[in-house]
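Worksheet for the structure shown next.
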Amino acid sequence: RNVHIQCPGVCESNVQGILVPHGIELTIQRPEALGLPALNWTQRFQFTCADACFEFMVNEAQLKNGILSLVFRAPRRVFRMADNHHGVVLQMDTLQSMSNKSSDAGSFQLVFPRSGEPAKCFLPNTAFPSTDGKLLLVQNLQIGSRVQLSNEVESSVVSLKLFPRRQAEPYKLIELVTCQGSYKVSAGHRVAVPGPTVGAKRADSLQVGDFVIVGSRQRKLVKVIEVKERTDLYMVCFEPDGPVEMFPVSKWGMQTWGEPQGEEDRAASQHIEAPPVGFELLQLVGMPSCSAFELESAMPSEYED
C-alpha cells in the first residue's frame with residue numbers, strides 16, 4: 001500500500017507520526033510562510049487484516065517536491081531473544097512477494113531496551129566521514145556502508161539497530177562540551193580518550209577536566225551535562241572496530257543569501273552559445289571552442305568594397 005500526500009511548504013521537521021498497529025497516526029504542522037497559511041493536520045492511516053497485516057515502513061518514507069510518500073508492507077516477523085542484554089530484538093523481514101528486493105539486510109533492527117539500560121548509541125543526524133570524502137548520516141547507513149576511521153583505515157558497517165523513542169521513559173544522554181564544540185551521545189556510548197594508545201570510556205563516566213579527542217587534538221571537557229530526551233537512538237557496529245570522527249548535524253539551517261550577481265557576471269551568463277550545427281561548422285574550420293559571443297566580438301563594425 002502506498003499513500004501520497006500533497007503538502008506544499010512542508011519540510012521534514014514539520015512531519016511526525018505515532019506508530020499504531022497496522023499503520024501510523026500522522027501529524028503535519030506547517031508554520032505560516034511564503035504566502036501559505038499555518039497548518040495543523042492529523043490523520044490516521046490504518047489497514048485491516050482482511051488481506052494482510054500491513055505495517056508502516058519507516059525507512060521508505062520520503063518527502064520530495066512537496067509530496068510526502070508513505071509505504072506500508074506486509075512483513076514476516078521473526079522473534080529472537082537478544083544475547084547481549086540489550087533487550088528483545090524484533091527483526092523485520094519483508095516478504096519477497098511484497099517487495100522486489102532480494103534482501104532487507106540493509107535496514108535497521110528495532111530494539112526495545114529493558115528499563116534503565118543505557119544504549120551505546122548515536123543520535124539522529126550524526127554524520128561520519130565516508131571513504132570518498134563525503135559525510136554519511138547515521139539514519140542513512142546500510143549494512144556494508146564504508147566509513148573512514150580516525151586512523152584513515154576503511155571500516156564497514158556490520159550491524160545496525162534502532163532504539164525507538166520511548167514516551168514513558170526518555171533516554172539518558174550525556175552532552176560533552178569542549179572549547180571546540182558540544183557533542184551529545186547516549187550515556188553508555190564509548191568515547192575515545194587519549195593515552196599511549198587511544199582508549200575508550202563510557203560517556204557517563206567522563207568528568208569535567210578529562211580529555212577527549214576532537215579532530216586530531218586533545219581537548220579538555222569544560223562541561224559534562226546529563227539530560228533525558230525522547231529521541232530515536234542508533235547503534236552501529238564497525239568492522240574493523242576503531243574510533244571514528246562524528247559530526248553532529250543541526251536539524252534546522254539558518255537561511256542566508258549568496259553574493260549578488262554583478263553586471264559583468266550577469267552579462268556573461270546571458271551569452272548564447274552557438275547551436276550544435278554551428279559548433280560542427282566551427283570544428284570543420286579548426287575553431288571548435290569559439291562561442292557565438294566571441295564570434296560577434298570579432299565581427300568588423302564596418303565593411304569597405
Identify the heavy atoms of M246 and T126 that sit nearest to each other, and give their distance.
CB-CG2, 3.8 Å
Please confirm whether the backbone N or O of V15 pairs with a side-chain atom of Q29, one donor and one acceptor, at under 3.5 Å?
no
Less than 4.5 Å apart, side chain to side chain, heavy atoms only: is that true for C7 and L63?
yes
Output for pair (S130 OG, Q148 CD), nearest 0.5 Å, gives 8.5 Å
Evaluation steps, side-chain contact (heavy atoms from CB on, under 4.5 Å), between R219 and C179:
CA-CA 7 Å; R219 296 301 182 197; C179 63; 3.9 Å; yes
Should L149 and I213 be counted in the same cluster of Ile, Leu, Val, Met, Phe, Trp and Tyr side chains packed under 4.5 Å apart?
no
I'd like to check L26 versus I5 (side-chain heavy atoms, cut-off strictly below 4.5 Å). Are they in contact?
yes
Co-membership, hydrophobic cluster, residues W41 and V3, 4.5 Å side-chain
yes
Is it true that W252 and S13 share a donor-acceptor pair across their side chains at a distance under 3.5 Å?
yes
Between atom CD of Q6 and atom NE2 of H4, what is the distance when rounded to the nearest 0.5 Å?
12.0 Å
If I take atom SG from residue C121 and atom CG from residue L162, how far apart are they, to the nearest 0.5 angstrom?
8.5 Å
Examine F72 and L19 and state if one hydrophobic cluster contains both, with Ile, Leu, Val, Met, Phe, Trp and Tyr joined whenever side-chain heavy atoms are less than 4.5 Å apart.
yes
Are V185 and F211 co-members of a hydrophobic cluster defined by side-chain heavy atoms under 4.5 Å apart?
no
Side-chain touch V224/E226, heavy atoms, less than 4.5 angstrom
no
Measure across P31 and N14 and return the closest heavy-atom pair with its distance rounded to 0.1 Å.
CD-ND2, 3.7 Å
Without hydrogens or angle criteria, can the side chains of S182 and E175 be said to hold a donor-acceptor pair below 3.5 Å?
yes
Set of residues satisfying ring-ring contact (aromatic ring centres under 6.0 Å, His included) with respect to Y183, sequence neighbours excluded
none
Spatial distance of atom CG (L160) from atom SG (C237) [nearest 0.5 Å]
8.5 Å
Sort out for me which residue in Q46, Q16, R44 forms a side-chain hydrogen bond (donor to acceptor under 3.5 Å, both in side chains) with E25.
R44
D232 side chain to P164 backbone, donor-acceptor under 3.5 Å:
no
Compare all side-chain heavy atoms of Y171 with those of F163 and state whether any distance is below 4.5 angstrom.
yes
Measure from the side-chain N and O atoms of S159 to the backbone N and O of V236, and report whether any donor-acceptor pair falls under 3.5 Å.
no
Taking the side chain as C-beta and beyond, is there a heavy-atom pair between L233 and L173 under 4.5 Å?
yes
Counting neighbours of CZ on R230 that are heavy atoms of other residues, nucleotides or ligands and sit closer than 6.0 Å, is the number greater than 12?
yes
Can you measure from CZ (F45) to CD1 (I24) and round to the nearest 0.5 angstrom?
9.0 Å
For the student: nearest non-hydrogen atoms of G9 and L36, plus distance
CA-CD1, 3.8 Å
Please lay out, stage by stage, how V244 and F238 fare under the test side-chain contact (heavy atoms from CB on, under 4.5 Å).
CA-CA 9 Å; V244 60; F238 301 104; 4.0 Å; yes
Could you give me the CA-CA distance, side-chain angles and deciding distance for K172 and E229, then say whether salt bridge (Lys or Arg N to Asp or Glu O under 4.0 Å) is met?
CA-CA 7 Å; K172 177 182 175 182; E229 290 187 12; over 6 Å; no
Answer whether the closest heavy-atom distance between the side chains of L135 and L137 falls below 4.5 Å.
no
If we ignore hydrogens and angles and just use 3.5 Å, is the side chain of T178 paired with the main-chain N or O of G181 as donor and acceptor?
yes
With a 3.5 Å cut-off and no angle check, do the side chains of S156 and R146 form a donor-acceptor pair?
yes
Quick one, L206 and L221 - any side-chain contact, counting heavy atoms below 4.5 Å?
yes
CG (N2) and OG (S69) are apart, to the nearest 0.5 Å, by 7.5 Å
Closest heavy-atom contact between A61 and L70?
CB-CD2, 4.2 Å
side-chain contact (heavy atoms from CB on, under 4.5 Å) for N40 and T27? Distances and angles first, verdict last.
CA-CA 7 Å; N40 191 346; T27 299; 4.1 Å; yes
Pair F128-L141, side-chain contact (heavy atoms from CB on, under 4.5 Å): steps then yes or no:
CA-CA 10 Å; F128 309 99; L141 291 177; 3.9 Å; yes
Heavy-atom side-chain contact between P8 and R30 under 4.5 Å
yes
Examine distances only and state if a side-chain atom of S155 and a backbone atom of E239 form a donor-acceptor pair shorter than 3.5 Å.
yes
R190/D241 under salt bridge (Lys or Arg N to Asp or Glu O under 4.0 Å): CA gap, chis, key distance, verdict:
CA-CA 12 Å; R190 294 187 302 166; D241 189 23; 3.1 Å; yes
Of all heavy-atom pairs between S205 and D210, which one has the smallest distance, and what is that distance?
O-OD2, 4.3 Å
Heavy-atom pair with the smallest gap, counting every atom of P240 and V153:
CG-CG1, 4.2 Å
